[in-house]
Amino acid sequence: MNSAGTQKRLRKVVFPVAGLGTRFLPATKVVAKEMLPVLDRPLIQYAVDEAVDAGADTLVFVTNRYKHAIADYFDSAYELEETLERAGKHELLATVQGLLPPHVRCVYVTQEQALGLGHAVLCAKPVIGDEPFGVILPDDLIVNKGKSALAQMAELAAREDAGVLAVEEVPRDQTNKYGIVDVSGADEPAARIGHVVEKPDPADAPSNLAIVGRYVLPARIFELLESTRPGAGGEIQLTDAIESLIAESKVLACRFQGVRFDCGNKVGLVRATLHFAMQDPALAKVAREFLS
Ligand code: UTP
């Protein structure tokens with residue numbers, strides 16, 4: 001392993017899914033936000049597919065005590081499978097049995113209290129050990145024709161021996177919703193980050209390049225998170241630990257290829273649903289008629 005802790009292949013990906021999902025209450029009283037469907041697949045399935053596409057074989061879910069649905073979803077459902085088998089519904093059977101490739105394993109870690117994204121990532125430390133890892137926030141759904149966003153980032157991280165954050169331009173008046181990066185060479189597909197600021201007011205924002213829900217980080221981030229004090233909103237912010245990482249090693253902003261849907265809010269979830277409906281030959285006509 002080299003100085004930034006990066007190695008050729010990204011094996012482990014963390015899914016912080018312990019947030020309260022207040023923007024989807026009351027549904028999220030009992031259904032984890034990541035289980036909300038875009039058509040027939042929950043958000044977590046899109047995220048997991050992306051991780052597998054990037055080469056991951058170990059998926060680490062940071063859940064809270066109430067989110068058993070995610071573990072249940074990836075577990076075998078013997079009764080259902082037997083019923084589908086007996087009914088001769090082989091295509092559906094293959095669907096429920098094929099949620100994960102056989103070589104991929106899931107590990108579940110509990111975040112006892114929702115103390116922030118940084119704290120959630122820190123909860124994965126015992127599983128990750130001393131290797132670079134990916135982080136996917138499943139409510140940012142990213143659609144690609146080619147390589148997944150995380151696969152693009154993992155390649156960049158290995159090639160450049162660096163941490164990598166996915167970034168996207170956002171309207172100036174929305175900088176206070178994101179971590180914002182200050183980069184040299186802002187127009188390049190991959191640029192070195194000088195600073196990150198969590199949720200700055202538009203007037204103070206160093207740019208309009210926002211960090212979206214994908215990260216490739218070295219294990220060093222765990223030590224930095226351990227010494228990170230609660231920041232914006234009283235939460236332990238991942239962005240604050242990344243700011244410390246930037247001070248000591250190379251961290252790049254990656255303008256990934258792909259379209260992002262912010263499914264952490266209703267507008268984004270509706271957009272994503274319409275996008276996938278338009279791609280589906282059985283639904284496209286109905287969706288178009290409905291919209292017009
Ligand atoms: P959000 O800021 O979207 O918060 O978290 P949330 O609780 O999920 O949703 P709202 O804002 O109340 O509607 C960003 C990501 O960080 C995870 C969330 O699950 C989501 O994937 N997270 C956040 C944790 O795992 N733990 C936390 O303590 C906070």
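Just so you know, ligand 1 is whichever comes first in the structure, and atom 1 is the first atom listed for that ligand.
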Geometric N/O contact [X] with ligand 1, under 3.5 angstrom:
X     : result
Leu20 : yes
Gly19 : yes
Ala18 : yes

I need the atoms of ligand 1 closer than 4.0 Å to a non-hydrogen atom of [X], numbered in the order shown.
X      : result
Leu115 : 28 (O)
Ala120 : 24 (C), 25 (O), 26 (N)
Gly116 : 26 (N), 27 (C), 28 (O), 29 (C)
Leu117 : 16 (O), 29 (C)
Asp139 : 3 (O)
Lys33  : 3 (O), 6 (P), 8 (O), 9 (O)
Ala114 : 28 (O)

Should the proximity of [X] to ligand 1, defined as any heavy atom under 4.0 Å, be assigned to the side chain, the backbone, both, or neither?
X      : result
Glu34  : side chain
Pro16  : both
Gln111 : side chain
Thr22  : both

**OP:** Would you kindly check if the NZ (Lys) or CZ (Arg) of Arg41 is within the cone defined by 45 degrees around the ring axis of Tyr46 and under 6.0 Å from the six-membered ring centre?
**Re:**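 Geometry flag: set, cation within 6.0 Å and 45°.
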Original post:
Which class fits the ring pair Phe261 and His275: parallel under 30°, tilted 30 to 60°, perpendicular over 60°?
Top reply: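 If you compare the ring of Phe261 with that of His275, the planes turn out tilted.
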Taking only Lys NZ, Arg NE, NH1 and NH2, and the carboxylate oxygens of Asp or Glu, determine whether [X] and [Y] approach each other closer than 4.0 Å.
X      : Y      : result
Arg172 : Asp201 : no
Arg255 : Glu168 : no
Asp139 : Lys33  : yes

Original post:
Applying the salt bridge (Lys or Arg N to Asp or Glu O under 4.0 Å) test to Arg220, which of Glu248, Glu226, Glu131 qualifies?
Top reply: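 Only one of Glu248, Glu226, Glu131 forms a salt bridge (Lys or Arg N to Asp or Glu O under 4.0 Å) with Arg220, namely Glu248.
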**OP:** Would you tell me whether Thr239 and Glu198 have side-chain atoms, one donor and one acceptor, within less than 3.5 Å of each other?
**Re:**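 The criterion, which ignores hydrogens and geometry beyond distance, is satisfied for Glu198 and Thr239.
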**OP:** Using only heavy-atom distances, determine whether the side chains of Gln97 and Glu81 contain a donor-acceptor pair under 3.5 Å.
**Re:**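 Distance-only check passes for Gln97 and Glu81.
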Original post:
Is there a ring-ring contact (aromatic ring centres under 6.0 Å, His included) between Tyr73 and Phe61 once you walk through the steps?
Top reply: CA-CA 12 Å; Tyr73 174 77; Phe61 299 93; 9.6 Å; no
